[in-house]
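Read through the structure below, which is laid out as structure tokens, and then see the notes.
Note that the structure is a prediction, hence the values are computed from the model and not measured. In what follows, chains carry the letters A, B, and so on, assigned in the order in which the sequence lines appear, proteins first and then strands, with residues in each chain numbered from 1. In what follows, every heavy atom counts, from backbone to side chain, and hydrogens, waters and symmetry copies are set aside.
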Number of protein chains: 2
Amino acid sequence: MANPLENRFDPQDISEAEYYLAAVPPSEIDPRVERLVNELIGRVADKWTMLILELLEEKGMLRFTEIGRQVKGISQKMLTQTLRQMERDGLLTRTVHPVVPPRVDYALTPLGNSLSAAFCGVWIWAERNLDMVEAARARFDARG
Amino acid sequence: MANPLENRFDPQDISEAEYYLAAVPPSEIDPRVERLVNELIGRVADKWTMLILELLEEKGMLRFTEIGRQVKGISQKMLTQTLRQMERDGLLTRTVHPVVPPRVDYALTPLGNSLSAAFCGVWIWAERNLDMVEAARARFDARG
DNA sequence: CGGTATCCAAGTCGATACTG
DNA sequence: CAGTATCGACTTGGATACCG
């Protein structure tokens, strides 16, 4: 039993899964799985990954330069690096057209789309609680 | 109109919010809000923050050393630093008991609990798609 | 016990220059 | 156009030592 999430629940169903996670102490989750999951989350939670994910989810298919233009502040190095990582992780496809000048298209895979959907909850949380967090910070900083 | 999420929808309702986000091109979201949201996400998506969040959500209230023991691999420096940041962001409370030896308790605030719930979707995604990602990586690495 | 202070090694990231 | 290569500033995080 490597994976603690068995087949009785469809993990797609958030409320069932929340129930499940609440019922299982972290100590009983396979540490190997936990480590991998954390590594995965660490990777996909990366700033540029999230922005590219959101952009492609919105626009469908874009070429290299177009992504660079729309993700403001990203350097060419980070753009290449992030796209490669996402391709390696199976989040997007990279299509090279044998033309001059070269043309490379990027689009999300179903896996990429599902990740985008999963992050939706966090995005909404951040947007909704932005003011709360800023107020908390102001209070914290006001003290010593 | 600073915040694009107006009052017509309750952002707590994921499906409504998904609909909303899908309908609004990123370019029309206030860039100031977007920047803050990204910074927030970057911060809360931090590896240690997530692990501490999950631990406290599970265990309720713990003291400093106990957290350090259960979050494997964390150094004292990162533990202190992460706890301070989370306190500053209003995610947890820090209670100092005036006794010797000193005793400091940490517990999630309602804000911290709501964040934990929001991350549930990502956690489930990672757990569920771990094999897909590993397979994709193996395929990618097998080529040049 | 629950920190703070300091140092240092490794990694991250942007800028710049170059290429098929 | 879509990269690769290289360099240097900055950041991160662990280890260690010390303190109220």
Side-chain angles (χ1 to χ4, degrees), chain A residues 35 38-53 55-56 59 61-89 91-107 140-141 143-144, chain B residues 35 38-53 55-56 59 61-89 91-107 140-141 143-144:
Chain A
R35 213 178 46 74
N38 284 326
E39 186 228 307
L40 243 188
I41 288 180
R43 162 145 320 171
V44 300
D46 165 78
K47 175 187 174 188
W48 299 127
T49 302
M50 294 212 17
L51 292 174
I52 291 173
L53 204 61
L55 180 67
L56 287 180
K59 300 295 176 61
M61 172 175 282
L62 293 175
R63 47 197 299 191
F64 186 82
T65 311
E66 197 52 38
I67 301 176
R69 190 163 20 237
Q70 302 210 34
V71 177
K72 296 185 226 313
I74 194 169
S75 67
Q76 202 179 38
K77 176 185 173 180
M78 289 314 296
L79 181 55
T80 302
Q81 198 173 108
T82 307
L83 287 172
R84 281 293 180 285
Q85 263 180 19
M86 294 176 73
E87 184 194 4
R88 179 167 183 266
D89 287 344
L91 299 177
L92 52 74
T93 58
R94 176 170 176 273
T95 314
V96 183
H97 301 278
V99 297
V100 284
R103 175 200 180 94
V104 180
D105 285 329
Y106 293 91
F140 184 92
D141 295 342
R143 311 194 297 258
Chain B
R35 212 177 47 73
N38 284 326
E39 186 229 308
L40 243 188
I41 289 180
R43 162 144 319 169
V44 299
D46 165 77
K47 174 189 175 187
W48 299 127
T49 302
M50 292 211 20
L51 291 175
I52 292 173
L53 204 61
L55 180 67
L56 287 180
K59 299 295 175 61
M61 173 174 284
L62 293 176
R63 48 196 298 192
F64 186 82
T65 311
E66 197 51 38
I67 301 176
R69 190 163 19 240
Q70 302 211 34
V71 177
K72 295 184 225 315
I74 193 168
S75 66
Q76 201 179 39
K77 177 184 172 180
M78 289 314 296
L79 181 55
T80 302
Q81 198 175 105
T82 307
L83 286 172
R84 283 289 181 286
Q85 263 181 18
M86 292 175 75
E87 185 195 1
R88 179 168 183 263
D89 287 346
L91 299 178
L92 52 75
T93 58
R94 176 172 175 273
T95 313
V96 182
H97 301 279
V99 297
V100 285
R103 175 200 179 92
V104 181
D105 286 329
Y106 293 90
F140 184 93
D141 295 343
R143 310 195 299 256

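Residues A/F140 and B/E87 form a side-chain contact, since some pair of their non-hydrogen atoms from C-beta on lies under 4.5 Å apart. Using a 4.5 Å heavy-atom cutoff, the side chains of A/K59 and A/E66 are not in contact.
When the nucleotides C/dG3, D/dG13, C/dG20 are ranked by their closest atom to the side chain of A/P102, C/dG20 comes out on top. Which of C/dG2, D/dG3, C/dG14 sits closest to the side chain of A/M78 comes down to C/dG14. Distances were taken from every side-chain heavy atom of B/W48 (C-beta onward) to each of C/dC1, D/dC1, D/dG14; the shortest belongs to D/dG14. With D/dG14, C/dG14, C/dG20 as the choices, the nucleotide that has an atom nearest any side-chain atom of B/S75 turns out to be D/dG14. Between C/dG3, C/dC13, D/dC1, one nucleotide has an atom nearer to the side chain of A/K77 than all others, and that is C/dC13.
Applying the 4.0 Å criterion to OP1 and OP2 of D/dA2, one finds that A/R63 has a side-chain N or O inside that range. Contact between the side-chain N/O atoms of B/R84 and the OP1/OP2 oxygens of C/dG3 is found at a separation under 4.0 Å. Residue A/T65 places at least one side-chain N or O closer than 4.0 Å to OP1 or OP2 of D/dA2.
Here the C1' atom of nucleotide C/dG2 and the CD1 atom of B/I74 are 14 Å apart, to the nearest Å. Between the C1' atom of C/dG2 and the CD1 atom of B/I67 lies a distance of 12 Å, rounded to the nearest Å. When rounded to the nearest whole Å, the span between CZ of A/F64 and P of C/dG20 equals 18 Å. One interatomic measurement links the two molecules: CG of B/L79 to P of C/dT4, which rounds to 11 Å at whole-angstrom precision. Rounding to whole angstrom units, NZ of residue A/K47 and P of C/dC13 are separated by 9 Å. To the nearest angstrom, P of D/dA2 lies 8 Å from CG of A/D105. Nucleotide C/dG2 holds its P atom 19 Å from the CD atom of B/Q81, rounded to whole Å. Remark: C1' of D/dC1 and CZ of A/R103 are 11 Å apart, rounded to the nearest angstrom.
Note: A/M86 CE to A/L92 CG = 4.5 Å, rounded to the nearest 0.5 Å.
B/R88 pairs by the salt bridge (charged side-chain N to carboxylate O under 4.0 Å, His left out) definition with A/D141, not counting sequence neighbours.
Closest heavy-atom contact between A/L56 and A/Y106: CD2-O, 3.7 Å.
A rotation axis mapping the C1' atoms of four pairs onto the next four is fitted at both ends of the helix from C/dC1-D/dG20 to C/dG20-D/dC1 over five pairs, and the angle between these axes is 40° to 10 degrees.
Counting any heavy atom pair closer than 4.0 Å across all strands shown, A/Q76 reaches a base atom.
The side-chain contact (heavy atoms from CB on, under 4.5 Å) test with B/I52 singles out one residue from B/L91, B/I67, B/D46, and that residue is B/I67.
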Exercise. In sequence, state the C-alpha distance, the side-chain angles, and the governing distance for A/T49 and A/K47, and then conclude on side chain to side chain contact (heavy atoms under 4.5 Å, CB included).
Key: CA-CA 6 Å; A/T49 302; A/K47 175 187 174 188; over 6 Å; no
